[in-house]
There are 2 protein chains.
Amino acid sequence: MVSCPQCSGKEGLQRAGFVRGKQRFFCGACRYHFTVQSEILPKKKRHQTTILDIAAFLGISASTVSRALLNRYGISEATRAEVLRVAQELDYQPNLLAQSLSNQETHTIGVIIPDIERPFFASVVSGIQQVASESGYRVMVCQSNESHQVEVANVQALVASRVDGLLICHSTETTTFEHIRLQHRKGIPIVHFDRVCEDIDTSKVVQDDFGGGAAVATHLIQEGHRRFAILAGPENLLISRHRVDGFLHVLKQEGIAPEEVMICHSQFKPAEALHALHSWRTLPQPPEAVFCVHYGNAIDMMMEMKKNGGQIPQELAFAGFGEDKLAAVIEPGLTTVHQHPIEIGRQAALLFLEQILAADDFVPITRQIRGELIVRQSSVRKR
Amino acid sequence: MVSCPQCSGKEGLQRAGFVRGKQRFFCGACRYHFTVQSEILPKKKRHQTTILDIAAFLGISASTVSRALLNRYGISEATRAEVLRVAQELDYQPNLLAQSLSNQETHTIGVIIPDIERPFFASVVSGIQQVASESGYRVMVCQSNESHQVEVANVQALVASRVDGLLICHSTETTTFEHIRLQHRKGIPIVHFDRVCEDIDTSKVVQDDFGGGAAVATHLIQEGHRRFAILAGPENLLISRHRVDGFLHVLKQEGIAPEEVMICHSQFKPAEALHALHSWRTLPQPPEAVFCVHYGNAIDMMMEMKKNGGQIPQELAFAGFGEDKLAAVIEPGLTTVHQHPIEIGRQAALLFLEQILAADDFVPITRQIRGELIVRQSSVRKR
DNA sequence: GTGAAAGCGCTAACAT
DNA sequence: ATGTTAGCGCTTTCAC
């Protein structure tokens, strides 16, 4: 059994990889690193073929091999063919680390999202990966769990990994953007999506939140509703504010003043939604329709209503933001604005690629994705 | 390297502390004190601070800086403190690429899943990331989109990126495992989860599929159902086979022969499910209960039933596999086996870590995650 | 306790 | 068309 040469302890000893055939250890107790020559597997731990192996095999130089592999100009067809043949034979796999270190680019793009378990973000990631893989980029995903501190750590980790660019959707907690500004100044391409930061001159993919909110309002008014409640997000959350603004804008045009609308701000927690619902329903003049800035809260409320025998939409109509299978499965179906998250992801990745291509003469672009109102029964007045 | 500006001698030079970030020297020969500060001019745009910058700044060597940063044995407290201070000041971020190349390890684990948009996999990934980030590992996720070819490409890409290990759930298409075997022989730690490959001696995290199927059967029998149908997955898919086997096993114990059970194999496509449903319902002796190996199909069928005015569970009861919010939201609620996907992810990551720590004397481990039957109204006979 | 130098695997500028 | 050499940024061995 190995023991730490510094503190002689055997506890807290961790293997920390191999260094040139030797087992490397790390002593958790005294934070000391050391290596031990493994006598069981001497030297040749796992040898991946390198460009040098091919070169030696063919009796040529490494750079010639490199050129052949990279299909560069100035190499004879004969050698190229030979190199490729031998590479295949020896199962050569280029070491992307070395390549990246040398080229100063990793062909990797870093993505930071609040939570991969939310269908919206899973789809965004999927869209990003589509475009990325089409263009030979890899994707590294981090979750901030809506924590600003974790988000900052994620940014650092990705930058330390030398990702070629950063696609980010801020956590709800995030109100200061120094961590982004720092990287932006260094020239690292950054694309914001969904929850953006308007103070930094980056490319952005945003939802047409104002328009979406307006579309919901227009629809609800057409259905004859007149008294409204809104379950909004945190006050500082732009997407929430825009959706609410769009909603109220239409109402105002229809002669309904914002003051007449019951607005409740929340962190999107189910408990908050239920609390709001209860307070609204017990009002002397309860609202006829609720607009939820996030569909999840609409689902929560509807489930609660159904449990208590409330009639949807007769007693209270619902509309939400963000399409999800849940909206189609719940009864009655929930009217929502579909955000096309895959497209949001695709566009974010494309904006990154455009920035890479444009290089110096690049000017940030903001692209707006238009949502699509999907009307279901939760908001439709039976006639 | 440094020489005395007064006598030009290099001998007898002594360090004499730090002054405002500069290394102070004392020339023993001419008794002269001086400080050195190499000005770091930004030679390139986007210059990230390196250890050489710190070294130059302090007038010491790169290796000393490295030692200080890594908290290695054999360095004076004063130097270490200064290095750390300057590193902070210059916003030094270690280049993980260079570090990885040198250390022969990336502290990155590669994950291959069929589709991140499926809640099950999103949760698995989340579980993996939890454990990984606790242990200082990064995660690189690839989607195979259920394509064998893409899966192979993913494996190659991750190996080329020199991930320290591979966590994989095979695509449904995958029936040959040479791509895995190849890497396994090279000694790359591999952990299978969910859809595993039994022919290769890797660590695995599996669902107790047999037990889950059995639990569903037991429950349905208790509720008084006697005629069953099963919507299974592809014939070669192990998880599907195990679930079906467990289900049939219990039935046999209850005197119901497998031949009496209507089994339909599918690729989990909604159209297939609806087709099967239709054929079952139009039978002279239709089944009383359907067991869906995948909950999604149960949802599809239930929606269809409801559209046609079919009564659930009176006319036909349903039970599925895989917990999802949909199961709770649909009416009646769908009885399912909750698979604890986060735990599956956590265990997969843990098995990887264990393999790293055990190094040479590692024997693959298979860990079984027990599902949990969640009974809802879709399978409960009203009395 | 610290520095010089040799890699890690690959690419590119500069020779020939 | 091919070889030589010098990095990319960091870690580690070997001197002193």
Side-chain angles (χ1 to χ4, degrees), chain A residues 16-22 24 26 33-37 45-56 58-83 87 92-107 160-162, chain B residues 1-2 10-11 13-15 23 25 43-44 46-56 58-83 87 92-107 160-162:
Chain A
F18 293 91
V19 183
R20 293 188 258 299
K22 299 176 190 175
R24 186 148 169 269
F26 171 62
H33 285 262
F34 62 97
T35 57
V36 172
Q37 177 74 51
K45 176 53 192 171
R46 55 164 114 125
H47 181 74
Q48 287 270 13
T49 18
T50 74
I51 206 173
L52 276 170
D53 297 322
I54 301 180
L58 288 170
I60 59 180
S61 82
S63 47
T64 305
V65 176
S66 174
R67 270 186 286 253
L69 258 17
L70 294 176
N71 212 354
R72 287 278 190 280
Y73 283 107
I75 193 167
S76 76
E77 258 317 313
T79 26
R80 152 131 77 252
E82 270 307 280
V83 168
Y92 167 75
Q93 302 277 89
N95 185 326
L96 262 33
L97 287 175
Q99 236 166 357
S100 298
L101 182 60
S102 183
N103 288 338
Q104 307 270 62
E105 59 174 359
T106 53
H107 272 240
S161 297
R162 295 300 192 269
Chain B
M1 206 56 183
V2 195
K10 293 179 183 213
E11 271 78 43
L13 229 45
Q14 294 189 335
R15 273 164 212 285
Q23 175 68 56
F25 286 93
K43 38 185 172 183
K44 274 187 185 178
R46 248 179 97 166
H47 178 76
Q48 288 271 11
T49 323
T50 75
I51 52 170
L52 276 171
D53 297 323
I54 301 179
L58 288 171
I60 61 181
S61 81
S63 41
T64 304
V65 175
S66 175
R67 272 186 284 253
L69 257 17
L70 294 177
N71 209 357
R72 286 281 192 284
Y73 171 80
I75 191 166
S76 74
E77 260 315 316
T79 320
R80 152 135 73 250
E82 271 306 285
V83 168
Y92 167 77
Q93 302 277 88
N95 185 327
L96 262 31
L97 286 175
Q99 233 166 359
S100 298
L101 183 60
S102 185
N103 287 339
Q104 310 270 57
E105 61 174 357
T106 53
H107 272 236
S161 298
R162 295 298 190 273

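Values below: all heavy atoms of this structure, side chains included; hydrogens, waters and symmetry mates excluded. In the text below, chain A, chain B and the rest are named by the order of the sequence lines, each starting its count at 1.
Contacts of A:Leu97 with the nucleic acid, taken as non-hydrogen atoms under 4.0 Å apart, are absent. Residue A:Leu70 is classed as a sugar-phosphate contact, given heavy-atom separations below 4.0 Å to backbone atoms only. In this structure, B:Leu101 reaches the bases: a heavy-atom distance under 4.0 Å links it to at least one base atom across the strands shown. If you check every strand for non-hydrogen atoms under 4.0 Å, A:Tyr73 touches nothing. Within the 4.0 angstrom heavy-atom criterion, only backbone atoms of the sugar-phosphate kind lie near A:Thr50; the bases stay farther away.
The CD1 atom of B:Ile51 sits 13 Å away from the C1' atom of C:dG3 (whole-angstrom rounding). As a whole-Å value, the separation of A:Asp53 CG from C:dG9 C1' is 11 Å. The interatomic distance linking B:Ile60 (CD1) with C:dA4 (P) rounds to 11 Å, in whole Å. Look at CZ on A:Arg72: it is 9 Å from C1' on C:dA12, rounded to the nearest Å. Rounded to whole Å, atom P of C:dG3 lies 10 Å from atom CG of B:Leu58. Rounded to whole Å, the distance from CD on A:Gln104 to P on C:dG9 is 19 Å. Nucleotide D:dC10 holds its C1' atom 10 Å from the CG atom of B:Leu69, rounded to whole Å. Taking atom CG of A:Asn95 as the reference point, atom P of D:dC8 lies 18 Å away to the nearest angstrom.
Nearest to the side-chain atoms of A:Ser61 among the listed nucleotides D:dC10, D:dG3, C:dG3 stands D:dG3. In this structure, the nucleotide among D:dG9, C:dT2, D:dT2 sitting nearest to the side chain of B:Thr79 is C:dT2. Distances were taken from every side-chain heavy atom of B:Tyr92 (C-beta onward) to each of C:dA12, D:dT2, D:dC10; the shortest belongs to D:dC10. Here the nucleotide nearest the side chain of B:Asn103, chosen from C:dC8, D:dT12, C:dG1, is D:dT12.
Exactly one residue among B:Val83, B:Thr64, B:Ile60 makes a side-chain contact (heavy atoms from CB on, under 4.5 Å) with B:Ile54. That residue is B:Val83.
Expressed to the nearest 0.5 Å, how far OG of A:Ser61 lies from CG of A:Leu52 amounts to 9.5 Å.
Using a 4.5 Å cut-off on side-chain heavy atoms (C-beta onward), A:His107 and A:Gln99 make no contact. With contacts defined as side-chain heavy-atom distances shorter than 4.5 Å, the pair B:Leu58/B:Val65 does not qualify.
For A:Ser102 against C:dA12, a side-chain-to-base donor-acceptor contact under 3.5 Å is absent. With hydrogens and angles left out, the side chain of A:Arg67 and the base of D:dG3 share a donor-acceptor pair within 3.5 Å. Counting distance only, with no hydrogens placed and no angle test, the side-chain atoms of A:Ser76 and the base atoms of D:dT2 include no donor-acceptor pair under 3.5 Å.
Residue A:Ser63 has no polar side-chain atom (N or O) positioned under 4.0 Å from OP1 or OP2 of D:dG3. Regarding contacts with the backbone of C:dT11, a side-chain N or O of A:Gln99 is found under 4.0 angstrom from either OP1 or OP2. One finds no side-chain N or O of B:Ser66 lying less than 4.0 angstrom from the OP1 or OP2 phosphate oxygen of D:dC10.
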Inset, instruction - Tell me, with the steps shown, if B:Arg80 and B:Asn71 meet side chain to side chain contact (heavy atoms under 4.5 Å, CB included). - result: CA-CA 8 Å; B:Arg80 152 135 73 250; B:Asn71 209 357; 3.2 Å; yes
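Between B:Leu96 and A:Ser161 the shortest heavy-atom distance is CD2-OG, 3.5 Å.
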